[in-house]
Amino acid sequence: MFGATFLVPLLTGFPPSTTLFFSAIGTLLFFLITAGRLPSYLGSSFALISPILAVSGTKDLGPSFALGGIIATGATLALVGIIVHFAGVRWIDAIMPPTVTGAIVALIGLNLAPAAWNWVKTGPITAVITILSICLITVLFKGIIGRLSILFGVLIGYVAAVFQHEVKFDAVREAAWFGLPQFHTPSFSVSTLGLFIPVVFVLIAENVGHVKSVSAMTGENLDDLTGRALFADGISTMLAGAGGGSGTTTYAENIGVMAATRVYSTAAYVVASLVAICFGLSPKFGAVISATPGAVLGGICVVLYGMIGLLGAKIWKENHVDFGNPINLIPAAAGIIIGIGDVKLPITEGFTLGGIALGTIVTVAVYHIAHAIAPRELRKAADGASLIYDAPGIYSGDTPDVASTKNRHTDQR
């Protein structure tokens with residue numbers, strides 16, 4: 001999770017050390033709330049990038065209001081966790097069928113395309129080197145090297161930027177070796193909350209997928225922990241937002257490592273958390289990360305945002321979604337175009353729905369309306385697909401096939 005967790009604060013402008021610090025604290029909370037039964041390290045959620053950038057770039061708001069949105073996201077997720085703990089997860093399947101889930105994941109990634117280009121044009125050569133590095137490492141290497149292609153891509157792009165004099169080390173030289181992370185106070189505005197609503201859908205799918213994936217690998221039924229996992233992630237996200245860090249989520253990278261090593265010990269994640277806290281208490285380490293040039297970020301974003309979008313298609317494919325059925329076709333098509341076009345819909349003078357939020361609402365609403373009024377044969381065909389939770393893994397695509405992980409103990413890209 002290391003490279004991806006740092007990528008979020010670099011893209012959003014949050015302090016890297018603070019984000020790492022709260023990811024570690026969140027993981028320890030996750031360990032306690034799930035009674036040490038569910039191995040997971042909570043890294044930064046990529047689903048939050050777009051709403052954070054949208055709010056932070058608003059003239060009248062700023063980063064503090066993005067933190068407020070993160071807290072609201074965490075509170076909603078925690079509430080869902082409480083409901084799931086007592087009522088089970090079947091109602092989630094009813095609200096979020098594969099058509100809807102795939103569309104939400106796809107429009108989140110594709111909505112970020114303009115942001116990727118803004119980074120790339122700051123240094124096209126470095127960006128291309130970074131992209132090629134990620135692609136080659138992913139294709140040519142297996143095991144831990146291939147799994148860390150994002151991290152190695154950052155390092156190679158970083159070195160290329162140094163040779164091209166694109167990196168400034170002034171802040172690194174001035175930073176102390178030891179010190180507390182930079183904490184920031186959140187602010188709240190009702191006008192921003194609509195941007196963060198879609199993220200909850202993605203976090204639900206990721207957390208439920210994580211539980212299902214670990215169950216498949218270990219052969220142990222962990223369904224009773226689903227509510228706790230959602231609640232723990234929600235509380236951890238609230239804590240991160242309250243202190244200036246990015247929201248957290250379970251990571252597909254974790255599943256890939258467990259599948260490859262067959263080590264499922266939750267104690268390993270406690271040790272990782274303690275190490276992360278130590279790094280989080282080093283401002284100099286954070287300054288080195290913050291010095292990553294924009295062109296390197298642009299190269300990573302081209303790959304990563306595209307992968308997020310295509311993972312929506314992966315969800316459709318694995319769940320055999322039939323787009324010959326208008327119940328599936330129309331909602332997904334409308335939602336994705338609204339997300340890509342960043343369409344705005346003013347609700348009141350101070351509240352506007354747009355982009356990801358509006359695309360998500362349209363997808364969910366149109367799907368269920370179409371499902372309710374369509375002829376019986378179309379509804380039956382649409383109901384034929386049930387969501388396969390294999391953790392959408394919108395970080396580096398390091399997601400195993402749940403149905404066969406138990407036998408292969410390898411991850412698929």
Side-chain angles (χ1 to χ4, degrees), residues 47 50-51 73 76-77 79-80 83-84 87-113 193-209 212 230 308-348 351-392 394:
S50 186
T73 301
T76 306
L77 186 62
L79 178 61
V80 171
I83 297 174
V84 168
V89 297
R90 292 197 176 189
W91 62 277
I92 294 178
D93 293 336
I95 296 175
M96 296 173 54
T99 301
V100 172
T101 306
I104 293 173
V105 173
L107 66 87
I108 284 177
L110 299 177
N111 175 266
L112 292 166
L193 298 183
L195 295 171
F196 290 86
I197 292 174
V199 177
V200 178
F201 288 91
V202 178
L203 295 180
I204 291 172
E206 288 171 349
N207 278 274
V208 175
K212 296 291 186 182
L230 290 165
I308 295 172
L310 291 179
L311 280 168
K314 180 175 180 285
I315 292 173
W316 292 327
K317 178 178 180 294
E318 291 180 346
N319 291 277
H320 308 291
V321 175
D322 178 15
F323 283 109
N325 189 329
I327 294 179
N328 296 326
L329 178 63
I330 303 302
I336 288 176
I337 290 301
I338 289 172
I340 295 175
D342 202 18
V343 177
K344 305 293 184 184
L345 177 63
I347 304 299
T348 65
F351 181 71
T352 300
L353 281 174
I356 293 175
L358 184 59
T360 297
I361 293 172
V362 167
T363 301
V364 175
V366 173
Y367 177 88
H368 288 288
I369 291 172
H371 190 278
I373 65 176
R376 181 180 177 183
E377 60 271 16
L378 289 181
R379 293 201 304 270
K380 187 176 181 180
D383 292 338
S386 59
L387 184 58
I388 298 174
Y389 287 111
D390 70 342
I394 60 173

How long is the straight-line distance from CD1 of Ile204 back to OG1 of Thr76, given to the nearest 0.5 Å? 9.0 Å
How close do Ile336 and Ala106 get, heavy atom to heavy atom, and via which atoms? CD1-CB, 4.1 Å
If I compare all heavy atoms of Pro331 with all of Val366, which pair ends up nearest, and what's the gap? CG-CG1, 3.7 Å
For Ala94 and His368, which heavy atoms make the closest approach, and how far apart are they? O-CE1, 3.1 Å
Any chance you could measure Thr101, atom OG1, to Asn319, atom CG, to the nearest 0.5 Å? 8.0 Å
Taking the side chain as every heavy atom from C-beta outward, state whether Phe201 and Val80 have any pair of such atoms under 4.5 Å apart. no
What heavy-atom pair brings Ala332 and Thr99 nearest, and what distance separates the two atoms? CB-CG2, 4.4 Å
Calculate, to the nearest 0.5 Å, the distance between atoms OG1 and CG belonging to Thr73 and Leu77 respectively. 8.5 Å
Rounded at 0.5 Å granularity, tell me how far CG in Leu203 sits from CG in Leu230. 9.0 Å
Heavy-atom side-chain contact between Lys314 and Leu310 under 4.5 Å: no
For Ala374, which residues count as a side-chain contact (heavy atoms from CB on, under 4.5 Å) partner, sequence neighbours excluded? Ile327, Leu378, Arg379
Find the distance between CG (Leu358) and CG (Leu107) and round it off to the nearest 0.5 Å. 10.0 Å
If you compare all heavy atoms of Trp316 against all heavy atoms of Gly102, which two are closest, and at what distance to 0.1 Å? NE1-CA, 3.5 Å
By side-chain contact (heavy atoms from CB on, under 4.5 Å), which residues pair with Leu79, not counting sequence neighbours? Ile83
Quick check: closest heavy atoms across Gly335 and Val362, and the distance to 0.1 Å? N-CG1, 4.4 Å
Look up atom CG in Asp322 and atom CG in Asn328, then write down how far apart they are to the nearest 0.5 Å. 6.5 Å
